[in-house]
Protein chains: 2
Amino acid sequence: MSDSKKISYEVIKRLPRYYRYLGDLRKNNIVRISSKELSEKMNVTASQIRQDLNCFGGSGQKGYGYNVESLYKSICEILGLERGHKTVIIGAGNLGKALVLYKSFERRGFILTGVFDNDEAKIGTFIGEHVILNINTLPDFIAKHKPDIGIIAVPKEKAGEIALLLSQNGVKGLVNFSYTDLSMLKDVEVENVHISDSLMTLSYRIKDK
Amino acid sequence: MSDSKKISYEVIKRLPRYYRYLGDLRKNNIVRISSKELSEKMNVTASQIRQDLNCFGGSGQKGYGYNVESLYKSICEILGLERGHKTVIIGAGNLGKALVLYKSFERRGFILTGVFDNDEAKIGTFIGEHVILNINTLPDFIAKHKPDIGIIAVPKEKAGEIALLLSQNGVKGLVNFSYTDLSMLKDVEVENVHISDSLMTLSYRIKDK
DNA sequence: TAGATTGTTAATCGATTAACAATC
DNA sequence: TAGATTGTTAATCGATTAACAATC
């Protein structure tokens, strides 16, 4: 019941992975699982699993393990996925387009409410069922629709400015795909997805092979 | 000079970020920088920077700091970026298409040599200048062109099979975009880019705002 | 009841930070 | 020389793992 301990970022980053594995178990109609069994599937220690899950109050049962369905639902709730976050995507280039068309976000409770660009040639055209809106109308749009999350898929030169615009208008979180850091911002949480960084890290790891 | 200490994954993951900041400094014709100045820009401790950079033998100079150009080049070499890794992209869906058209990879030394799909309707058509090849021809292609890195942008049901195919044919590293883990594989390094996970983590972080 | 498995405390391990002698 | 700043050792902090009493 104590939600008071601070949960480390390390733990939070692992939650989506637990959620994924539990989702699979659930689909396969598996009703219960022990930390030991799950640890073997996920290739982590059982001890870590018990520690992690205990950050959110005992969802297991001694001598039995964890109920898959109820643990799945708990994690969903802890992550705040049941709220149906509204998102906007800024940037209708190649990546932006791919993100608009990526249906899986919606399946996980993220609802795309608007797509924006500053290119006159693109504004008014469609990506799937989404019309591309003028970036100038973003403040009004946010005031009206109150999206939580902004997804930034613009060139790095524009990213800071867009991030500021979003946060100043009340967007709470950003996913940043541009090749720059947006960590200087107050009042907004930022998750960076730097695909280039992953490639570089991989490059290092395959050096001696 | 001692390359013998083991470098932790934590440090390796930070290298691309150093590389990015040094690249910016370099573009602005800044010649030298101290760990203190860099720490302020990057919002980390100077101590961490010195520790990190020292994993690879002293590239700094006491009383002076670090030479931007030479440190930039060192990190480039440490990451193995100067080798010009050949890549293949598997999956010509929305994400695959965006990745093919994403020119920045090439700028950072990753050379796209082939794009593959299993959809007859797509095979033979072009994305930019790249023709989509039949997935069945992948083993021959790898034997001939020897790509290092495979980028997996297929639905999760196919990902395991594709990963196995790539690794069995000698590809050394994988970047996995599909919503599943590919960590069970031997003989191949895997970097996961789970965009959904970032959204979920963000969802948690904005809960109380 | 006996067996299983959690929740949780204690021990270990590793990463980060602080401190400072070495030296440019 | 005096000042600056590294490389590196030592101290601290936090995360992971081990252990086990509690209990279903």
Side-chain angles (χ1 to χ4, degrees), chain A residues 1-18 21-22 25 30-72 74-75 78 183 201 204, chain B residues 1-18 21-22 25 30-72 74-75 78 183 201 204:
Chain A
M1 206 48 349
S2 78
D3 237 87
S4 49
K5 308 184 223 181
K6 251 161 260 155
I7 315 296
S8 77
Y9 190 50
E10 307 287 311
V11 174
I12 296 165
K13 274 192 301 192
R14 282 195 288 266
L15 289 181
R17 188 152 181 263
Y18 290 126
Y21 275 85
L22 287 163
L25 291 169
I30 292 168
V31 174
R32 69 166 275 279
I33 192 152
S34 69
S35 58
K36 182 149 181 292
E37 288 171 287
L38 189 56
S39 76
E40 282 155 10
K41 278 186 196 298
M42 295 184 66
N43 204 32
V44 295
T45 64
S47 205
Q48 180 167 78
I49 290 175
R50 292 203 297 279
Q51 286 276 22
D52 283 357
L53 297 182
N54 235 200
C55 292
F56 308 99
S59 28
Q61 205 179 336
K62 284 175 168 125
Y64 172 85
Y66 299 85
N67 179 283
V68 172
E69 182 67 19
S70 82
L71 185 53
Y72 180 79
S74 299
I75 294 181
I78 291 158
S183 33
T201 305
Y204 175 87
Chain B
M1 205 51 346
S2 78
D3 237 271
S4 48
K5 311 182 219 182
K6 252 162 258 155
I7 315 294
S8 76
Y9 190 51
E10 308 287 310
V11 174
I12 297 164
K13 274 192 300 192
R14 283 195 288 264
L15 289 182
R17 189 152 180 264
Y18 289 126
Y21 275 85
L22 287 163
L25 291 169
I30 291 168
V31 174
R32 69 166 274 278
I33 193 155
S34 68
S35 58
K36 182 150 178 292
E37 288 172 286
L38 190 56
S39 76
E40 281 155 11
K41 279 187 196 295
M42 296 182 66
N43 205 31
V44 297
T45 64
S47 205
Q48 179 168 77
I49 291 176
R50 292 203 298 279
Q51 286 275 20
D52 283 357
L53 298 181
N54 234 199
C55 292
F56 308 99
S59 28
Q61 204 179 333
K62 284 175 170 127
Y64 172 84
Y66 299 86
N67 178 283
V68 171
E69 183 67 20
S70 83
L71 185 54
Y72 179 79
S74 299
I75 294 182
I78 291 157
S183 33
T201 305
Y204 175 86

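In what follows, chains carry the letters A, B, and so on, assigned in the order in which the sequence lines appear, proteins first and then strands, with residues in each chain numbered from 1. The figures that follow rest on heavy atoms only: side chains count, while hydrogens, waters and symmetry mates do not.
Closest approach to the B:Thr45 side chain among C:dT16, C:dT17, C:dA22 is made by C:dT17 (side chain taken as heavy atoms from C-beta onward). In the set C:dT23, C:dT5, C:dT17, the nucleotide with an atom closest to the side chain of B:Gln51 is C:dT17. Comparing C:dG7, C:dT23, C:dC20 by their closest approach to the side chain of A:Tyr66 singles out C:dG7.
Spacing between atom CG of B:Leu53 and atom C1' of D:dT8 amounts to 14 Å, rounded to whole angstrom units. Computed from coordinates, the B:Gln61 CD to D:dT6 C1' distance equals 10 Å when rounded to whole Å. Whole-Å rounding puts the A:Gln48 CD to C:dT8 C1' distance at 16 Å. For the pair B:Lys6 NZ and C:dC13 P, the computed distance is 14 Å after rounding to whole Å.
By the 4.0 Å N-to-carboxylate-O rule, A:Glu40 lies close enough to A:Lys36 to be salt-bridged with it.
Pairing analysis of DNA chain C (Watson-Crick: purine N1 to pyrimidine N3 plus N6-O4 or O6-N4; G-U wobble: N1-O2 and O6-N3; both under 3.5 Å) yields stems of 3 or more pairs at C:3-24 with D:3-24.
The base of D:dA18 sits within donor-acceptor range of the side chain of A:Ser47, with an N or O pair under 3.5 Å.
Along DNA chain D, the nucleotide closest to A:Glu10 and the one closest to B:Ser35 are compared, and the more 5′ of them pairs with B:Ser35. Each of A:Gly63 and A:Tyr9 was assigned the nucleotide of DNA chain D with the nearest heavy atom; the assignment lying further toward the 5' end belongs to A:Tyr9. Where B:Arg50 and A:Ala46 each meet DNA chain C at their nearest nucleotide, the meeting point lying more 5' is that of A:Ala46.
Residues B:Leu22 and B:Tyr66 have side chains not in contact (no heavy-atom distance under 4.5 Å, counting atoms from C-beta outward).
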